[in-house]
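What follows is one structure encoded as structure tokens, with my remarks underneath.
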Amino acid sequence: MKKLLLGDEAIALGAINAGLSGVYAYPGTPSTEITEYIQNNPLAKERGVHSRWCTNEKTAMEAALGMSYAGKRALVCMKHVGMNVCADAFVNSAITGVKGGLIVLAADDPSMHSSQNEQDSRFYAKFALVPCLEPSNQQEAYDMMAYGFDLSEKLGEPIVLRVVTRLAHSRAAVEVTEPMAEKSLFPATDQWVLLPGIARKKYVKLLEKQEAMKQASAASPYNCAFRFTRKGNSPATGILACGIAYNYVREALAGDANLVKISQYPLPEEKIKALAANCDELLVIEDGQPVVEELVKGLLGAGYPVKGRLTGDLPRTGELTPDCVAKALGKETGAVFAPAKNMAARPPQLCQGCGHRDVYAALNQVLADYPDHRVFGDIGCYTLGALPPFQSLSSCVDMGASITMAKGAADAGLFPAVAIIGDSTFTHSGMTGLLDAVNDKANITVIISDNLTTGMTGGQDSAGTNKYEAICLGLGVEPEHVRVVVPLPKNMPEITRVIKEEIEYKGVSVIIPRRECIQTFARHARAKKQ
Amino acid sequence: MKKDIILCGVGGQGILSIATIIGEAATKAGLYLKQAEVHGMSQRGGDVQSNLRLSTEPIWSDLIAEAGADLIISMEPMEAMRYLAYLSKDGKIVTSSKPFVNIPNYPDEAALQQELDTLPSVKLDIDTVAKDCGNPRGANMVLLGMAAPYIGILSVENLREAIATVFARKGEQIVEANLKAFDAGIQASNP
């Protein structure tokens, strides 16, 4: 049966039909729809497949590893920067090994459509010494779930499945297979205690598995070679096309190419060497960072010409496009129509009526009296407070950094140092930083702008809803300096008074402006009506 | 035969519903289809677009190349012109004529309309047409109706059926109202 599916949905359905027992994830564009699809899938509901959102990517990765330990198939999903958050657990899961199949899904975002960097998760797979799958289309994304779980169980290692925004968020028809049964409970019996003496032995075991991983790549149906021909005496360029780059190549060249498609790592070295031997140079086309380009240079030696993002044949930054790939392949491209004269950028903005707006309006009003102030921001809709009309923020770095950066700046003597963080981001990575601040009695004012949801990714449940005052008190913030306000224009006098009082307090204070996200509010109202 | 379409507008204007309907119609008609959309931050009142590719042959790229789009369908006149680089030599723009002004530096409206008129475009005040046929929230269906004769690879009847399927769970009244808006769009475009 064929179904029209987003790349993310193909991954989700592929996992369910491969006998998935649990998905563990924190929302993050472009990975969010995977978990949402599983949450709403009838078979997953009937089977009781775990799909509730996790507090962050580290708790997600660890829970998935636990499910794998118990013998069942588990999936962890995150956007690329989530790999940084779960890196400790992820890298060590390669040392412990796995029991039930474990797939770590990383959705990379080259061009930073909705991100802070364009890090390439294939580096993580190589770093942890585990295989990586990189589908080129929605069908492969679906098929690779069952394939990946099998490979994971065969090798006893986690598998990274790397997608990019353009696959995650693009729809196509997918041939869907019959669902398989879940694995039964069958816990691991080998030693997973990574004490140095045990970890050393396990690490050697992981290194010994590298040969099997290479063999799996060499035999993989997803790594294929095409048409090793040579036309006359003209110099032949061999093409290495990774993941969705393959589509752009096929779009530009109608079947006439010396080509190796790469969708499984470690690299299929023999295929690449055979291609190189048949050509005068190689062009590496990959979405993200020049991972393969560097590896292939090492594989073929200094004398063999390898072109790609590092040589400027493809742009060094940004996602691949059909245009830049066609150009690198020597095809004529370009626009017919000149750019419009009457044009302006239309950046995203906070919704009209959003509570974050009232928070920034109040904050700006109070801080006008403190010319040396700095506001440290965080990751969420409220990052848009950096743009006009508010322009309130001085920083936004990573999940939770608002509190700890404000603390560091306050340690240095900066006053007032204000942190603004959303409710979901606070429980993701802000709580531990708040404990540091309390223990140091840092002179900071923390605003937890609580809209009762994870807003930016589309309104998923927020892990700490109804618990924020208790969390802050439990971490040791003094009760008289945990203040709750309702961010509405009519409450402006009260909000500004509270902010001013807490800035003047020499110590840690937390202000919680609380009002539901207007998007989820409207959705809840509609659901009630129906 | 193929038809490459860029759907665009401002976040919240309902371009993804248009994409869903065309997608449903294409699937039913047995066409190959790829549809790339942007989720996340750009939905918040910013510019949004979706690349929709329909073909009788398999499709490789999820994205449309420059000068590759046969059709730009836009809920907003300035947004229609943002993607001019992608419009093919014989391509067509089908757009709402009514600016959505949520930025302080929106271009001069008269100059904008004039520039649009120099391009291969058809425009219509879809909000007014939608209101006139009693479905003020159906402006996107009016636009789809306007674009229908240019989509070509799908018949008007394919699209009507898809509207009925996609809105079926919202009840017969909603289906009828959307079909009415769609028909008003077809009549108004008059190619």
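So that the names make sense, note that chain A is the first sequence line, chain B the second, and so on, each numbered from 1.
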Main-chain N/O of B/Q35 paired with A/S170 side-chain donor or acceptor, under 3.5 Å = yes
Any B/W60 side-chain heavy atom under 4.5 Å of A/S136 side chain | no
Which pair of non-hydrogen atoms, one from A/A172 and one from B/K34, has the smallest distance, and what is that distance?
-> CB-CG, 4.2 Å
Between B/L63, B/L33, B/L112, the one whose heavy-atom pairs under 4.5 Å with chain A are most numerous | B/L63
Can you measure from OG1 (B/T20) to CG (A/L4) and round to the nearest 0.5 angstrom?
-> 9.0 Å
Without swapping roles, check the side chain of B/E37 against the backbone of A/H169 for a donor-acceptor pair under 3.5 Å.
-> no
Flag the one option from A/P389, A/A344, A/P388, A/G334 with the top tally of heavy-atom pairs under 4.5 Å to chain B.
-> A/A344
Counting only heavy atoms closer than 4.5 Å, note whether A/L320 contacts chain B via side chain, backbone, both or neither.
-> backbone
Examine whether an atom of A/Q352 lies under 4.5 Å from a heavy atom of chain B, and if so say whether it belongs to the side chain, the backbone or both; otherwise answer neither.
-> neither
With a cut-off of 6.0 Å (strictly less than), are more than 12 heavy atoms of other residues, nucleotides or ligands near CD of B/Q114?
-> no
Within residues 64-75 of chain B, which positions have a heavy-atom distance to chain A below 4.5 Å?
-> B/I64, B/A65, B/E66, B/A67
A/R346 and B/E76, any side-chain heavy atoms less than 4.5 Å apart = yes
Take atom CZ of B/R137 as the centre, draw a 6.0 Å sphere, and report whether it contains more than 12 heavy atoms from other residues, nucleotides or ligands.
-> no
Can you tell which part of B/E109 gets under 4.5 Å to a heavy atom of chain A, answering side chain, backbone, both or neither?
-> neither
Tabulate, in ascending numerical order, the residues of residues 77-105 of chain B having at least one heavy atom closer than 4.5 Å to a heavy atom of chain A, or enter 'none'.
-> B/M78, B/E79, B/M81, B/R82, B/L84, B/A85, B/Y86, B/L87, B/S88, B/K89, B/F100, B/N102, B/I103, B/N105
Contact class of A/A252 relative to chain B, heavy atoms under 4.5 angstrom = neither
Take atom CD of B/Q187 as the centre, draw a 6.0 Å sphere, and report whether it contains more than 12 heavy atoms from other residues, nucleotides or ligands.
-> no
Find the one option among A/A345, A/A168, A/G28, A/G7 whose heavy-atom pairs under 4.5 Å with chain B are most numerous.
-> A/A345
Kindly check if the number of other-residue, nucleotide or ligand heavy atoms within 6.0 Å of OH (B/Y106) is above 12?
-> yes
Neighbourhood of chain A inside residues 51-58 of chain B, taking heavy atoms under 4.5 Å as contact | B/R53
So which bits of residues 162-180 of chain B come within less than 4.5 Å of chain A, counting non-hydrogen atoms only?
-> none
